[in-house]
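Reviewing the structure listed below.
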Amino acid sequence: MMRNGVQHFALVSASLLAINIASAQEGNTPGYNHKIPEKIMTPDKVETSIGTLKFFDGMPDKGTVEKLYDNLDLMRGVETFLSGIPATSIEGLRLGHLELGSDTPNKAIILDQLLDSAPLFLTGNTDTVYCSVFLDLAKDGPTVVEIPAGSGPGTVNDAYFRFVTDMGGPGPDRGKGGKYLILPPDYKGDLNPPVGGMEAKVNGQKYFVSKSTSYVNWLILRGFLVDGKTDAAVASFKKGLKVYPLSKRDNAPKMEFISGSRKPWNTIHANDYEFYEELHTVIEREPSSMLDPEMLGLFASVGIQKGKPFAPDERMKKLLAEAVAVGNATARALVFRPRLDGVQLYPNSAWNVAFVGGSYQWLRDEGKGGRNLDARTLFFYQATVNTPAMVQKMVGVGSQYAYAATDRNGDYLDGAKTYRLHIPANPPAKDFWSVVIYDPQTRSELQTGQTFPSKNNKRDKLSENSDGSVDLYFGPTAPEGKEANWIQTVPGKGWYTLLRLYGPLEPWFDKTWRPGEFEVVK
């Protein structure tokens with residue numbers, strides 16, 4: 001019996017060995033009973049852009065773990081920079097207002113002599129009278145903004161540069177003026193306005209009511225020139241603009257107006273490590289409900305979290321310094337060499353749109369493709385003010401924009417060269433059109449010997465061609481006989497430009513009218 005049992009065991013073992021040999025011959029993965037798909041396996045050594053990654057049976061070794069965590073923190077730091085720009089841009093504007101003494105909502109900054117090149121202000125225009133106020137809904141609660149009749153486009157944006165409401169021509173008052181009521185995010189009353197606002201009676205008075213997601217909000221108003229002068233707009237704001245807490249409607253604080261013209265003051269966020277400190281200030285101040293958990297989680301991954309100090313160790317500081325450098329460079333690539341579908345206004349042209357995709361929320365395919373993150377960065381790295389009025393087709397109302405940073409050959413615009421830009425006859429602008437040039441470093445008006453690095457068809461006496469078209473010239477010196485149409489540039493510096501149309505007309509939207517390209521003048 002014993003011998004038969006031994007013989008039986010030997011036969012079974014031999015059979016199993018034969019099966020295993022057969023299985024191996026059929027391609028089972030070494031160390032496994034079956035064939036494992038190669039696509040789920042990790043080799044012991046992987047070559048990548050961050051170096052060689054080493055593993056013991058899929059488990060990263062010590063050096064690889066350190067390398068991977070450094071890379072993860074770097075990536076999160078870059079994404080925090082790119083996604084945090086809207087918040088820090090508003091914060092930069094707020095800090096700029098404090099620099100001039102505008103520390104309460106009844107103290108308005110007014111560009112009574114227009115925005116010249118002294119202030120650092122992202123792609124501001126030289127064509128309208130800006131009047132700018134920061135609201136503090138945490139301190140003041142529901143806040144009233146009274147605007148005068150005849151105001152140009154005005155907007156309120158929240159602390160992440162999201163649209164709250166429009167005022168003036170594109171707003172619900174339709175240029176007739178009126179009272180606006182901005183509710184804080186923690187408002188608990190009966191009013192429940194949609195995005196953009198609604199009309200409602202409060203204490204027997206009519207208001208255009210909106211609710212913000214944040215405590216800090218930026219109010220920016222524009223007044224139009226009359227006969228090329230600022231006087232009428234300035235007087236209108238000083239007489240008719242009022243900002244006060246609803247609770248003090250019977251005893252509103254007196255408005256003060258601080259001139260921001262001809263003064264060097266900065267409204268632009270940092271592009272170095274300080275960027276993260278600016279962002280932490282915003283996150284600490286605002287309610288967590290302002291942003292979704294995904295965004296808050298991204299910021300928290302680099303140490304920026306509400307209720308906690310921002311105190312990265314030396315390793316993390318070094319990584320964040322590198323991350324902001326990469327993020328800043330990435331934003332500049334998106335702006336000056338954009339690759340986004342739909343960014344070009346015309347085929348084979350340098351003219352680009354700032355609101356890529358035609359959505360003030362940067363939604364791709366009406367949201368089916370999610371949010372176009374690169375399009376959002378392209379806008380906020382170089383511009384301010386977010387409103388659907390800049391995107392929607394509003395013939396004869398609001399404004400439209402195009403920007404260009406290269407010439408016909410695709411080369412960056414060079415301050416040492418002379419260029420010509422042809423503006424065909426009958427520009428489709430009911431109110432006016434303008435061209436302003438900017439410094440690519442600051443994304444603010446280029447500082448030259450000219451107070452205003454721009455031309456405006458209503459303010460400036462431009463020389464027209466016989467067919468009504470206009471040729472503008474850009475260079476360090478004016479071509480002979482072209483002084484009236486010349487905008488000065490600086491050798492050794494680049495520049496780029498925005499074309500603006502206020503009260504855009506149908507030929508702009510259907511593209512039957514288009515500006516020329518920048519041509520080098522030999």
Side-chain angles (χ1 to χ4, degrees), residues 81-94 96 111 115 117 119-128 130 132 152-164 166 170 218-222 266-271 275 327-328 330-338 340 342-345 350-362 371-392 398-405 434-446 453-454 495-502 504:
F81 177 85
L82 296 175
S83 295
I85 288 172
T88 58
S89 189
I90 282 281
E91 180 63 8
L93 282 159
R94 189 186 70 86
L111 279 301
L115 178 64
S117 61
L120 298 176
F121 198 107
L122 291 177
T123 55
N125 73 59
T126 62
D127 313 306
T128 61
Y130 285 120
S132 180
T155 301
V156 175
N157 283 157
D158 75 0
Y160 193 70
F161 246 127
R162 288 175 300 209
F163 174 67
V164 177
D166 274 329
W218 184 39
L219 162 65
I220 180 69
L221 301 170
R222 303 179 188 89
N266 177 43
T267 71
I268 302 174
H269 63 78
N271 280 331
F275 175 94
N328 176 57
T330 302
R332 289 178 174 276
L334 289 168
V335 171
F336 298 119
R337 290 291 186 187
L340 294 165
V343 69
Q344 278 193 317
L345 194 54
W351 291 106
N352 297 318
V353 297
F355 280 93
V356 179
S359 167
Y360 77 96
Q361 298 170 308
W362 288 273
R371 202 177 308 281
N372 192 330
L373 303 179
D374 291 346
R376 184 177 65 188
T377 299
L378 179 150
F379 180 85
F380 282 115
Y381 191 74
Q382 65 169 325
T384 64
V385 188
N386 180 14
T387 165
M390 289 183 177
V391 180
Q392 295 171 353
S399 51
Q400 288 286 310
Y401 306 81
Y403 81 95
S434 76
V435 170
V436 186
I437 68 173
Y438 299 96
D439 185 325
Q441 281 281 4
T442 65
R443 292 91 70 211
S444 302
E445 293 175 24
L446 186 70
S454 64
W495 58 276
Y496 74 114
T497 189
L498 260 74
L499 168 68
R500 290 176 169 85
L501 295 93
Y502 278 83

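What you see below is based on every heavy atom in this structure, not just the backbone, and it leaves out hydrogens, waters and symmetry mates. What you are looking at is a predicted structure, and each value in this text was computed from that prediction instead of being measured.
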remark   = Rounded to the nearest 0.5 angstrom, the CD-CE distance for Q400 and M390 is 9.5 Å
request  = State, to 0.1 Å, how close A331 and I85 come at their nearest heavy-atom pair, and which atoms those are.
outcome  = CB-CD1, 4.5 Å
task = Would you please test N125 and Y130 for side chain to side chain contact (heavy atoms under 4.5 Å, CB included) and show each step?
result = CA-CA 9 Å; N125 73 59; Y130 285 120; 2.9 Å; yes
request  = Specify the closest pair of heavy atoms between S117 and E445, including all atoms of both residues, with the distance to one decimal.
outcome  = N-OE1, 3.2 Å
query = Side chains of R332 and Q441: closer than 4.5 Å at any heavy-atom pair?
reply = yes
remark   = Rounded to the nearest 0.5 angstrom, the CD1-OH distance for I268 and Y381 is 9.0 Å
ask   = Got a sec, which residues hit side-chain contact (heavy atoms from CB on, under 4.5 Å) with L340, two or more places apart in sequence or on another chain?
value = V343, V356, N372, D374, A375, L378
request  = Please assess W362 against R371 for the test side chain to side chain contact (heavy atoms under 4.5 Å, CB included), listing each intermediate value before the final yes or no.
outcome  = CA-CA 6 Å; W362 288 273; R371 202 177 308 281; 4.2 Å; yes
Heavy-atom check, side chain of F81 versus side chain of T88, under 4.5 Å = no
key: Pairwise side-chain contact, S83 with R376, heavy-atom cut-off 4.5 Å (strictly under)   = yes
inquiry  = Closer than 3.5 angstrom, by distance alone: can the side chain of T497 be matched with the main-chain N or O of V436 as a donor-acceptor pair?
reply    = yes
inquiry  = Quick check: closest heavy atoms across L115 and T126, and the distance to 0.1 Å?
reply    = O-CG2, 3.4 Å
query = Distance from L120 atom CG to R443 atom CZ, nearest 0.5 Å?
reply = 10.0 Å
note = Here the pair of heavy atoms bringing I220 nearest to S132 is CD1-CB, 3.8 Å
Sub-6.0 Å ring centroid separation between F355 and Y360 = no
ask   = When rounded to the nearest 0.5 angstrom, what distance separates CZ in F163 from CG in N157?
value = 8.0 Å
ask   = Passes side chain to side chain contact (heavy atoms under 4.5 Å, CB included), W218 versus V385? Steps please.
value = CA-CA 9 Å; W218 184 39; V385 188; 3.7 Å; yes
ask   = Yes or no on side chain to side chain contact (heavy atoms under 4.5 Å, CB included) for T123 and Y496, after CA distance, side-chain angles and deciding distance?
value = CA-CA 10 Å; T123 55; Y496 74 114; 3.5 Å; yes
request  = Kindly write out the residues that satisfy salt bridge (Lys or Arg N to Asp or Glu O under 4.0 Å) with R94, not counting sequence neighbours, or none if the list is empty.
outcome  = E91
ask   = Are the side chains of N328 and F275 in touch, meaning some heavy atoms are under 4.5 Å apart?
value = no
task = Answer whether the closest heavy-atom distance between the side chains of L499 and W351 falls below 4.5 Å.
result = yes
ask   = Which atom pair, heavy atoms only, marks the closest approach of Y403 to V353?
value = CE2-O, 3.7 Å
task = Rounded to the nearest 0.5 Å, what's the gap from CG on L345 to CG on N352? Could you check?
result = 8.0 Å
task = Please examine the side chains of P153 and P170, heavy atoms only from C-beta on, and report whether any two atoms are closer than 4.5 Å.
result = yes
ask   = Could you give the distance from CG (L111) to OG1 (T128), rounded to the nearest 0.5 Å?
value = 8.5 Å
request  = Show the numbers, then the answer: is there a side-chain hydrogen bond (donor to acceptor under 3.5 Å, both in side chains) between Y160 and N386?
outcome  = CA-CA 10 Å; Y160 193 70; N386 180 14; over 6 Å; no
query = If we only count heavy atoms from C-beta on, is the F161 to L93 side-chain gap below 4.5 Å?
reply = yes
inquiry  = How close do L122 and S89 get, counting heavy atoms only, and between which atoms?
reply    = CD1-OG, 3.8 Å
